[in-house]
Amino acid sequence: MALLYRQVAADLSVLRQDSTARTYSVHVNQLLARAHHIIYSGRKTNLRTLFLFLRDEYPAVFQRQIGFVLASIIVSVAFGIFGAVLTSARPEFMRHFVGPDMIATLERHQMWTESIVSVKPMATSAIMTNNLSVSFVTFAGGIAFGLGTFLALFQNGMMLGVIGAACHQYGMSLLLWSFVAAHGSLELPAILIAGGAGFRLGYAMLFPGALRWKDSVAQGGLEATRLVSGIIPMLVIAGCLEGFFSPSHAPIWLKFTVGGMLFALLNLWLFRPVKGPTAQSAA
């Protein structure tokens with residue numbers, strides 16, 4: 001059956017290139033989605049299979065959903081710019097997004113992140129938990145027809161824009177971005193990918209196309225889940241960096257260098273050339 005599955009997956013890739021075979025393409029894709037659970041449900045998950053998934057399959061998963069990730073980026077950047085512009089024009093606007101304690105530290109020209117240094121292990125655990133929560137709330141918001149994802153990206157984008165503009169007004173931009181550079185090179189893309197997964201789920205609910213609504217949601221949910229699964233190692237690494245390295249007294253140039261290298265490696269991983277359709281990708 002596994003051999004037939006791979007053969008039909010190859011046939012599906014041919015059908016998708018023929019605009020006159022849309023009906024057959026949809027039907028074959030449904031059959032593959034149903035067979036996928038039979039073939040792969042009994043597989044045991046271990047470190048090796050996870051590594052192989054991240055190395056060989058996840059880049060293809062990401063590249064197929066790149067449109068939804070781009071939508072997530074556009075929403076976040078647009079509201080980030082909007083928040084920065086409002087804060088620059090009306091500094092009191094920042095009080096809607098940052099608390100009085102953070103404003104007090106800004107007025108003292110002191111980074112609010114310095115308290116992390118004294119409690120690194122506990123802070124790292126809390127940071128990882130928070131980052132995972134934010135990412136999966138952003139993803140799960142797709143179940144509300146994508147509206148929850150949109151609101152989560154709106155809040156994250158506005159917060160980043162407001163804090164960036166506030167630190168600029170207090171002459172602390174270098175301190176802020178040197179703190180964010182290392183862990184942010186993985187944390188921010190992870191949240192944006194989670195947003196893309198949420199939009200993929202919302203799209204499946206709003207536009208089932210030729211599929212029945214429940215089949216569209218099932219297929220969209222499967223693809224969105226596979227997309228969001230790859231951000232977990234990114235957030236674990238980012239949490240360690242944010243707890244131990246980012247708030248440290250390491251040279252600013254080193255923090256930016258680490259951030260740049262990690263972001264470059266991330267792009268090499270996500271955008272590296274992938275092989276043709278595989279058994280997994282057809283589902």
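Along the sequence shown, residues are numbered consecutively beginning with 1. These numbers come from a predicted model, not from an experiment.
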Review point. Testing F51, W269, F271 for ring-ring contact (aromatic ring centres under 6.0 Å, His included) with Y58, which one passes?
Key: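 Single pass found, and it is W269.
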Check your understanding: Has Q155 got more than 12 heavy atoms of other residues, nucleotides or ligands less than 6.0 Å from its CD?
Key ->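 Not buried by this count: 12 neighbours or fewer within 6.0 Å.
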Review point. Are more than 12 heavy atoms from other residues, nucleotides or ligands located less than 6.0 Å from atom CZ of F82?
Key: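 At most 12 heavy atoms, drawn from other residues, nucleotides or ligands, come within 6.0 Å of this atom.
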Check your understanding: Counting N and O atoms only, with roles assigned by atom type, does the side chain of N29 sit under 3.5 Å from a partner on the main chain of S25, one being a donor and the other an acceptor?
Key ->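 A pair under 3.5 Å: no.
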Look at the aromatic rings of [X] and [Y] and report parallel, tilted or perpendicular, splitting at 30° and 60°.
{"X": "F145", "Y": "W213", "value": "tilted"}
{"X": "F97", "Y": "F93", "value": "tilted"}
{"X": "F136", "Y": "F139", "value": "perpendicular"}

Review point. Are the ring centres of W177 and F256 closer than 6.0 Å?
Key: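 No.
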Check your understanding: Are F150 and F199 an aromatic pair by the rule of ring centers under 6.0 Å?
Key ->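 No; F199 has its ring centre 6.0 Å or more from that of F150.
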**Study point:** Electrostatic pair R64-E223, nearest N-O below 4.0 angstrom
**Key:**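 So R64 does not pair with E223 through a salt bridge.
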Under 3.5 Å donor-acceptor pairs involving side-chain atoms of residues 163-171, not counting sequence neighbours:
unit_1, atom_1, unit_2, atom_2, d
Q169, NE2, T87, O, 2.8

Exercise for review: Mind listing the closest non-hydrogen atom pair of S216 and L211 along with its distance?
Suggested key: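 Answer, listing the atom of S216 first, then L211: CA-CD1, 3.9 Å.
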